[in-house]
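Note that the numbering runs from 1 along the sequence shown for the chain.
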Amino acid sequence: MCCGPYRRADGSPSISEIGLSNPCFRPNPPNEFAGWQIKGGGVRSDDPATADAANGDVLKEYGFVRLETAAYTRDDGRNLTVKAAVFDDASGAYGPSPITCPRKCTRKRLATRGYLNSRVLFYQGNVLVDAVFDRMSVMSAAQLRELAGLLPQAEGNKRNPPSLPARLPKRASGPNFEKNTTKYILGPLALNRVGSPLPAAMVDFAAGAELVMGRYAAAAGDATLMLIEYPTSQIAAERLRRIDASHQITGQQREWRPSSMSVRSSTRAPVRSL
């Protein structure tokens with residue numbers, strides 16, 4: 001027997017209704033949690049534009065699978081709307097929020113990704129959740145932690161967040177890291193959207209590249225530090241040679257510049273920093 005009244009955006013039965021993939025499928029988000037009760041039925045869509053009309057193409061790069069939306073209410077009359085975007089893995093769920101969420105969103109560790117007024121954006125495993133309260137309370141964060149614990153998760157390594165963002169140094173040759181500026185990129189569209197100092201053609205995402213960017217406050221002005229990781233050291237070395245050639249580097253002394261980057265292999269050993 002299926003667990004939830006979820007329907008697709010066009011009104012047709014969802015997988016949770018007809019039980020094609022799993023007769024014990026749990027709706028995502030659930031029918032109830034922490035005193036919140038679902039109103040009517042949820043809506044399911046496989047179209048990334050439903051999740052974000054302006055960035056649907058970017059969500060595809062992160063491995064978007066589906067969006068499930070549900071409205072909730074409590075006995076005290078408060079209301080909550082939850083949108084749960086499911087991705088192929090946790091790297092996909094981690095990446096989009098700095099692009100789809102306004103810059104004022106503050107990043108938090110634990111399950112929470114950011115806050116903006118009565119909006120809370122967080123990821124749990126391979127699920128990115130956008131929750132909007134009509135009125136928040138002191139218990140709202142605890143209630144969302146309970147929701148996070150009920151979300152179905154991917155299996156194995158797919159539930160682990162990417163490790164590359166943690167390698168951005170808090171200090172780099174003197175400049176101070178600017179909080180909430182980390183961007184994790186998995187494709188050319190996202191890279192172009194965030195205003196990268198390096199064109200996507202130079203990165204070559206088809207070669208398996210992952211990229212993280214962060215901003216630093218330096219005496220000469222803000223700087224962007226970019227780390228690029230490739231599956232092998234051979235690929236990383238080849239891409240670095242191409243980047244070197246594109247910059248037409250001469251014998252001039254290298255200094256901290258408004259843009260800098262580091263190319264790494266999957267072994268985490270630095271190949272060279274520009």
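- With hydrophobic clusters built from ILVMFWY side chains whose heavy atoms lie under 4.5 angstrom apart, Leu189 shares a cluster with Val194.
- By the 4.5 Å heavy-atom criterion applied to side chains, Phe133 and Thr81 are not counted as neighbours.
- Residues Glu68 and Lys83 are not paired through a salt bridge, judged by the lack of any N-O separation under 4.0 Å between the basic side chain and the carboxylate.
- Donor-acceptor pairing under 3.5 Å is recorded for the side chains of Arg193 and Asn55.
- Contact record, Ser163 with Arg167: OG-NH2, 3.0 Å, taken as the closest heavy-atom pair.
- Put simply, the side chain of Leu121 does not reach to within 4.5 Å of the side chain of Val129, judged on heavy atoms.
- At a threshold of 4.5 Å between non-hydrogen side-chain atoms, the residues Asp134 and Arg78 count as touching.
- Distance check: Leu67 CG to Asp46 CG gives 9.5 Å after rounding to the nearest 0.5 Å.
- Linking ILVMFWY side-chain heavy atoms closer than 4.5 Å, directly or via other members, places Val120 and Val132 in two distinct hydrophobic clusters.
- Side-chain N or O atoms of Asp89 include one that pairs as donor or acceptor with a backbone N or O of Gly92 at under 3.5 Å.
- To the nearest 0.5 Å, atom OG of residue Ser91 and atom CG of residue Asn157 are 10.0 Å apart.
- Of the possible polar contacts, none joining the Tyr230 side chain to the Ala237 backbone as a donor-acceptor pair under 3.5 Å is found.
- Side-chain atoms of Arg239 come within 3.5 Å of backbone N or O of Met202 as a donor-acceptor pair.
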Give the intermediate values and the outcome of side chain to side chain contact (heavy atoms under 4.5 Å, CB included) for residues Glu61 and Leu186. CA-CA 6 Å; Glu61 287 188 337; Leu186 291 178; 5.5 Å; no
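- Residues Pro96 and Phe64 are not in side-chain contact: their nearest non-hydrogen atoms beyond the backbone lie 4.5 Å or more apart.
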Does the pair Leu227 and Met213 meet the rule for a side chain to side chain contact (heavy atoms under 4.5 Å, CB included), with working shown? CA-CA 6 Å; Leu227 304 181; Met213 299 168 54; over 6 Å; no
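- One finds the CE atom of Met226 at 8.5 Å from the CD1 atom of Ile243 (value rounded to the nearest 0.5 Å).
- Asn79 is not listed as a side-chain neighbour of Arg135, based on a closest heavy-atom distance of 4.5 Å or more.
- Looking only at side-chain heavy atoms (C-beta outward), Gln143 and Trp36 come within less than 4.5 Å of each other.
- Ile228 contributes atom CD1, which lies 13.0 Å from atom CD1 of Ile235 (distance to the nearest 0.5 angstrom).
- Closest heavy-atom contact between Leu128 and Ala93: CD1-O, 3.8 Å.
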Side chain to side chain contact (heavy atoms under 4.5 Å, CB included) evaluation trace for Leu198 with Val203: CA-CA 7 Å; Leu198 189 68; Val203 177; 3.7 Å; yes
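- For the pair Glu178 and Asp222, the minimum side-chain heavy-atom distance is below 4.5 Å.
- Arg215 has its side chain within reach of Thr224: a pair of non-hydrogen atoms, C-beta onward, lies under 4.5 Å apart.
- Closest non-hydrogen pair, Tyr72 versus Asn31, comes out as CE2-O, 3.8 Å.
- Electrostatic pairing of Asp88 and Lys158 does not count as a salt bridge here, judged by no charged N lying under 4.0 Å from a carboxylate O.
- Using a 4.0 Å cut-off between charged nitrogen and carboxylate oxygen, Glu238 and Arg242 count as a salt-bridge pair.
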Derivation and outcome, side chain to side chain contact (heavy atoms under 4.5 Å, CB included), residues Arg44 and Arg66: CA-CA 7 Å; Arg44 178 188 178 109; Arg66 67 181 183 274; 3.0 Å; yes
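- More than 12 heavy atoms of other residues, nucleotides or ligands lie within 6.0 Å of CG in Asp76, so this atom counts as buried by the packing criterion.
- Pro188 and Ala200 make their closest contact through CB-CB, 3.5 Å (heavy atoms, listed as atom of the first residue, atom of the second, distance).
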Starting from the C-alpha separation in whole Å, work towards a yes-or-no answer on side-chain hydrogen bond (donor to acceptor under 3.5 Å, both in side chains) for Tyr184 and Glu210. CA-CA 8 Å; Tyr184 177 68; Glu210 297 180 34; 2.5 Å; yes
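- Summarising the geometry of Pro231 relative to Ala207, their closest heavy-atom pair is CD-O, 3.3 Å, with the distance given to 0.1 Å.
- With Gln153 contributing its side chain and Gln124 its backbone, the two residues share a donor-acceptor pair below 3.5 Å.
- Ring centroids of Phe87 and Tyr94 are separated by 6.0 Å or more, keeping the two rings apart.
- A donor-acceptor pair is defined here as one N or O able to donate and one able to accept, closer than 3.5 Å; no such pair exists between the side chain of Ser196 and the backbone of Pro199.
- In terms of heavy-atom proximity, Asn126 sits nearest to Ala154 at OD1-N, 3.2 Å.
- To the nearest 0.5 Å, atoms CG (Asp130) and CZ (Arg119) are separated by 4.0 Å.
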